[in-house]
There are 2 protein chains.
Amino acid sequence: MTTEEKIFNAARIIFQRKGFAGARMQEIADEAGINKAMLHYCFKNKQMLFEAVFMNAFSQLAPQINGIFFSQDSLFDKIRKFTHSYISFVILNPYLPAFIIQEMNNNPEFVMSFFKNENRPNPTILISQIEKEITDGIIKPINPKQLLMNIISMTVFPFAAQMLVKGMLQISDTEFYTMMEERKTSIAEQIINSIKR
Amino acid sequence: MTTEEKIFNAARIIFQRKGFAGARMQEIADEAGINKAMLHYCFKNKQMLFEAVFMNAFSQLAPQINGIFFSQDSLFDKIRKFTHSYISFVILNPYLPAFIIQEMNNNPEFVMSFFKNENRPNPTILISQIEKEITDGIIKPINPKQLLMNIISMTVFPFAAQMLVKGMLQISDTEFYTMMEERKTSIAEQIINSIKR
DNA sequence: ATCTTTGTTAACCAAATGGTTAAACCGTAT
DNA sequence: ATACGGTTTAACCATTTGGTTAACAAAGAT
């Protein structure tokens with residue numbers, strides 16, 4: 001593993017654990033097992049290092065979301081595949097959602113630029129598909145954006161608010177994990193149930 | 001307004017905007033329009049000031065959630081009332097959810113103590129009610145905790161991840177607000193639809 | 001062999017930041 | 001009026017923090 005990779009991985013761990021403001025360059029250097037000056041040698045400054053980490057995190061997560069937007073499946077299959085693959089991915093990267101949401105809220109201006117990128121999640125196709133399935137009588141009338149928000153909410157929230165959820169429902173890490181496994185399929189069925197005619 | 005109140009309000013604004021690590025004592029003093037030394041005169045130190053703000057925020061939000069747990073209504077009515085009253089409240093305090101979730105993730109140990117409090121949200125009654133309505137054949141079988149998670153997710157997530165949602169769906173502040181108003185009733189109907197026999 | 005480029009470090013620096021202090025201010029009881 | 005209590009401030013302090021520098025090592029290139 002190159003030094004740059006060591007730094008990057010260390011930075012990802014620390015930034016995801018403490019956020020941009022809470023992370024210390026020295027801590028990242030320690031985690032990487034190298035001298036602090038190397039951070040600035042490889043990544044100009046804290047902001048650049050952070051942007052590299054955030055950009056990477058976001059570009060890992062975005063395709064997971066894009067999956068639902070660009071396939072050829074029926075709406076129901078899209079929902080099933082999305083929740084399943086997204087939760088599978090996030091179980092392996094449980095800190096990503098909270099990290100992205102936190103930094104996005106703390107850094108709106110910088111981060112909104114991501115959504116002008118061509119690679120950004122683009123829901124327009126899915127929205128027109130929903131509208132079509134409504135007029136075709138396959139599903140009940142619903143505001144497509146609200147439906148989309150419901151899907152994302154049920155999928156992402158438990159991870160983003162992990163501590164809150166665990167504390168409120170008084171569940172352990174393993175029980176949480178079990179529930180997330182169950183959600184891979186249960187969310188989809190729940191949503192489909194609520195909209196199918 | 002007393003000086004202590006001025007400080008507290010300023011601290012709430014700054015902490016909610018930047019989080020504990022990102023907030024600067026000087027910034028809070030400026031926002032309050034007083035000298036920095038007063039912060040330490042009224043609230044010992046940054047940690048104490050933060051805990052006062054967080055405690056207050058949490059104790060405002062908790063009763064909103066407790067509402068759903070301790071009423072005598074039917075499950076469907078509980079869901080309707082909860083989503084409506086919770087969203088109404090959060091529209092007036094749109095930064096609360098993100099703030100609480102963020103600090104809860106960054107500060108698990110300190111914050112988990114809240115859930116040992118007697119005043120904590122306690123879902124056991126609601127969970128047994130759900131179990132009862134399942135055996136009574138009023139609703140379809142479902143893991144009660146999953147159902148609860150769904151309700152909370154759909155209600156809280158759009159606020160917690162406001163920037164993400166706005167960026168992804170490409171909606172303005174006003175459109176966001178309109179959608180949240182719509183959600184006051186639509187979430188409940190959505191969920192009820194998905195579980196009623 | 002030696003020069004040059006790249007990688008790496010210890011020591012250092014200036015600014016920022018949380019916190020302190022001692023003096024000033026101000027209403028009020030004597 | 002004055003002495004006294006709590007309140008407020010300007011100036012100050014110690015530490016932390018992001019960032020720099022200059023020397024050193026290692027690996028090719030000549």
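Convention: sequence-line order gives letters A, B, ...; per-chain numbering from 1. Any value given below was found using the heavy atoms of this structure, including those in side chains, with hydrogens, waters and symmetry copies removed. Everything numeric here is computed off the predicted structure, so don't read it as measured data.
- Not a single donor-acceptor pair under 3.5 Å links the side chain of Lys166(A) to the backbone N or O of Glu175(A).
- With a cutoff of under 4.0 Å to any heavy atom of chain A, the contacted region of DNA chain D is bounded 5' to 3' by dT17(D) to dT21(D).
- A donor-acceptor pair under 3.5 Å is absent between the side-chain atoms of Gln64(A) and the main chain of Phe89(A), judged by distance alone.
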Side chain to side chain contact (heavy atoms under 4.5 Å, CB included) between Phe157(A) and Met149(B), intermediate numbers included: CA-CA 9 Å; Phe157(A) 181 78; Met149(B) 213 181 267; 5.7 Å; no
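- Side-chain atoms of Asn105(A) come within 3.5 Å of backbone N or O of Ala160(B) as a donor-acceptor pair.
- In this structure, Phe54(A) and Phe99(A) have tilted ring planes: the angle between them lies in the 30° to 60° band.
- For Tyr95(A) and Phe15(A), the ring centers sit 6.0 Å or farther from each other.
- Only Ala23(B), Arg24(B), Met25(B), Lys36(B), Ala37(B), listed by number, bring a heavy atom of residues 20-37 of chain B to less than 4.0 angstrom from any atom of DNA chain C.
- Judged by distance alone, the side chain of Gln16(B) and the main-chain N or O of Val53(B) form no donor-acceptor pair under 3.5 Å.
- A salt bridge does not link Glu31(A) with Lys6(A): every distance from a Lys NZ or Arg NE/NH1/NH2 to an Asp or Glu carboxylate oxygen is 4.0 Å or more.
- Using a 4.0 Å cut-off on heavy atoms, the residues of residues 38-50 of chain B that approach DNA chain C are His40(B), Asn45(B), Lys46(B), listed by number.
- Between the side chain of Asp136(B) and the backbone N or O of Ile138(B) there is no donor-acceptor pair closer than 3.5 Å.
- Side-chain atoms of Glu133(A) never come within 3.5 Å of backbone atoms of Phe76(A) as a donor-acceptor pair (strictly under, hydrogens ignored).
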